[in-house]
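Working notes, structure below.
Chain letters run A, B, ... following the sequence lines, proteins first and then strands; every chain starts at 1.
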2 protein chains.
Amino acid sequence: MARISVAQRRELLFAAAVRVLARDGLSALSTRAIVAEAEMSLASFHYAYASREELLGDIVASVVGGEREAGLAGVLGEAATPEEAVRRALATYLDLVRADPGREQGMFELTQHALRTPALARLASEQYQRYHEVAAELLDHLATRFDRRWDSPTADLARLVVALTDGLTLSWLADRDDAAAERLAALAAEAVLTHLEEA
Amino acid sequence: MARISVAQRRELLFAAAVRVLARDGLSALSTRAIVAEAEMSLASFHYAYASREELLGDIVASVVGGEREAGLAGVLGEAATPEEAVRRALATYLDLVRADPGREQGMFELTQHALRTPALARLASEQYQRYHEVAAELLDHLATRFDRRWDSPTADLARLVVALTDGLTLSWLADRDDAAAERLAALAAEAVLTHLEEA
DNA sequence: GTCTATAATGAGATAGAC
DNA sequence: GTCTATCTCATTATAGAC
């Protein structure tokens, strides 16, 4: 194998691990499965990462970045009304889940694992804190853009949004009922919009 | 060890497995951990159960029974108004989660595992179908008892209720913020009650 | 029916040759 | 820096004595 830097090797292993996690689940995310996916030798893994746990920490931490969730802001920009914005944001989120179910499931598995692992528990909390922050920013942005206001603290409503998206995700993952999930997304949008009032 | 029937041995192993799952998580739910908890020999496990996977199936199936969720119906009976009933049901649910967080987390871990395991995937779907049924029954019961009606099919609203309880659970498990979870439970109750109208 | 002992497998991690 | 070979441990499952 060519001589590549530790940093790049970590990136390759990280990307391979994310693919394995999405495809086969956390229980199949062994160091051997990861190096097979990255087409490396087992020893190369431990040259780049001290342990499997360290790489798992990296993946959880990457979720904290939350670029993907923040990407939903783009959807808001295109809407003509706040009602349409919220509905489309949730519909788009559902599309994201359906496009890559394994990824979402892998994230859940990883969060559950992190909550059980003392060394990673803090990361799991930060992950949800980040979710809440992103959701709150979206809500604030929406109110500003359409000159409206929320009848409750956006921090609280953000928690509602995250709970609804989590619930929506688990619901669809469990039975893959597209029509039911779309109706649920509509009800979820309505639940949020109830709290939007004139400025 | 005394000679006990296979049926009873299965019950003892089952109960021990549930305790280990709640306390240490799914990844620690090895046959060895189970027999240690049940104070049996390893071979006794395989005398009662053909495999570890078979016992996991039993646990998932037991959730489908859903006695605990159905138990929330009792809360509804004591309320004076439908608003109070929904609020108290969600608050009681949250209390249940807080009283035994490991149990809830174990259930999530098990559901995720079932969804990844072809032999158990059907059970996971049935588990959520059962959740939806129980929630729909509660909603119907509530409307009848207070002579009101729901503005959407109770099947759809039931899905909303389950999504909200799942989201509420994950939210509290992630950061254990009691005050925030109570505010979320109140918002969740409101989201459901929005759909209640006069008969 | 119940046990001890062991097989068979797969895991994370490392030593040491190159 | 990278590899092969190996160590050590934990796992599920079973064979066979009692």
Which of these nucleotides, [options], is closest to any side-chain atom of [X]?
X        : options                  : value
Arg3(A)  : dG12(C), dA13(D), dT2(D) : dT2(D)
Ser41(B) : dT11(D), dT2(D), dT4(C)  : dT4(C)
Tyr47(B) : dT4(D), dT4(C), dG1(C)   : dG1(C)
Ser44(A) : dC3(D), dT2(C), dA13(C)  : dC3(D)
Val6(B)  : dC3(D), dT11(D), dG1(C)  : dG1(C)
His46(A) : dT14(C), dT14(D), dT2(D) : dT14(C)

Practice task
Flag the pair Asp177(B) / Gln129(A) as yes when at least one side-chain heavy-atom distance between them is below 4.5 Å, and no otherwise.
Solution key: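 Asp177(B) does not reach Gln129(A) side chain to side chain.
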Problem - Side-chain touch Val86(A)/Leu196(A), heavy atoms, less than 4.5 angstrom - result: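 With C-beta onward as the side chain, the pair stays apart.
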Practice task
With sequence neighbours left out, write down each residue that passes side-chain contact (heavy atoms from CB on, under 4.5 Å) with Asp24(B), or none if nothing qualifies.
Solution key: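 Val20(B), Ala28(B).
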Practice task
May I ask you to establish whether Arg9(B) and Tyr47(B) are in a cation-pi arrangement, using a distance under 6.0 Å from NZ or CZ to the six-membered ring centre and at most 45° from the ring axis?
Solution key: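 No, Arg9(B) does not sit over the ring of Tyr47(B).
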Measure the distance from [atom1] on [X] to [atom2] on [N] and round it to the nearest whole Å.
X        : N       : atom1 : atom2 : answer
Leu56(B) : dT11(D) : CG    : C1'   : 14 Å
Phe45(B) : dT2(C)  : CZ    : P     : 15 Å
Arg52(B) : dA10(D) : CZ    : C1'   : 13 Å
Arg9(A)  : dC3(D)  : CZ    : P     : 6 Å
Leu13(A) : dG12(C) : CG    : C1'   : 14 Å
Leu29(B) : dT11(D) : CG    : P     : 11 Å
Gln8(A)  : dG1(D)  : CD    : C1'   : 14 Å
Leu42(A) : dG16(C) : CG    : P     : 17 Å

Practice task
Measure distances between side-chain N and O atoms of Arg32(A) and base N and O atoms of dG12(C), and say whether any donor-acceptor pair falls under 3.5 Å.
Solution key: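 Donor-acceptor pair under 3.5 Å: yes.
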Handout entry: side-chain hydrogen bond (donor to acceptor under 3.5 Å, both in side chains): pairs with one or both residues in residues 166-175 of chain B, sequence neighbours excluded
Key =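 As it turns out, the side-chain hydrogen bond (donor to acceptor under 3.5 Å, both in side chains) pairs with a partner in residues 166-175 of chain B, which skip direct neighbours, are Arg159(A)-Ser171(B), Arg159(A)-Asp175(B), Tyr93(B)-Thr169(B), Tyr128(B)-Asp166(B), Trp172(B)-Asp178(B).
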Exercise for the section: Report whether Leu193(A) and Leu157(A) are members of the same hydrophobic cluster (ILVMFWY, side-chain heavy atoms less than 4.5 Å apart, transitive linking). Expected result: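 Yes.
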Practice task
Kindly determine whether Arg87(B) and Glu190(B) satisfy salt bridge (charged side-chain N to carboxylate O under 4.0 Å, His left out), including the steps that lead there.
Solution key: CA-CA 8 Å; Arg87(B) 281 190 210 105; Glu190(B) 201 181 335; over 6 Å; no
Exercise for the section: Identify, residue by residue, the members of residues 111-123 of chain B with a heavy atom below 4.0 Å from DNA chain C, and return them in order of residue number, or none. Expected result: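 None - not one residue of the stretch has a heavy atom sitting under 4.0 Å from the strand.
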Exercise for the section: Nearest-nucleotide wise, let me know which of Ala43(B) and Ser5(B) is further upstream toward the 5' end of DNA chain C. Expected result: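 First, find each residue's nearest nucleotide; the 5'-ward one identifies Ser5(B).
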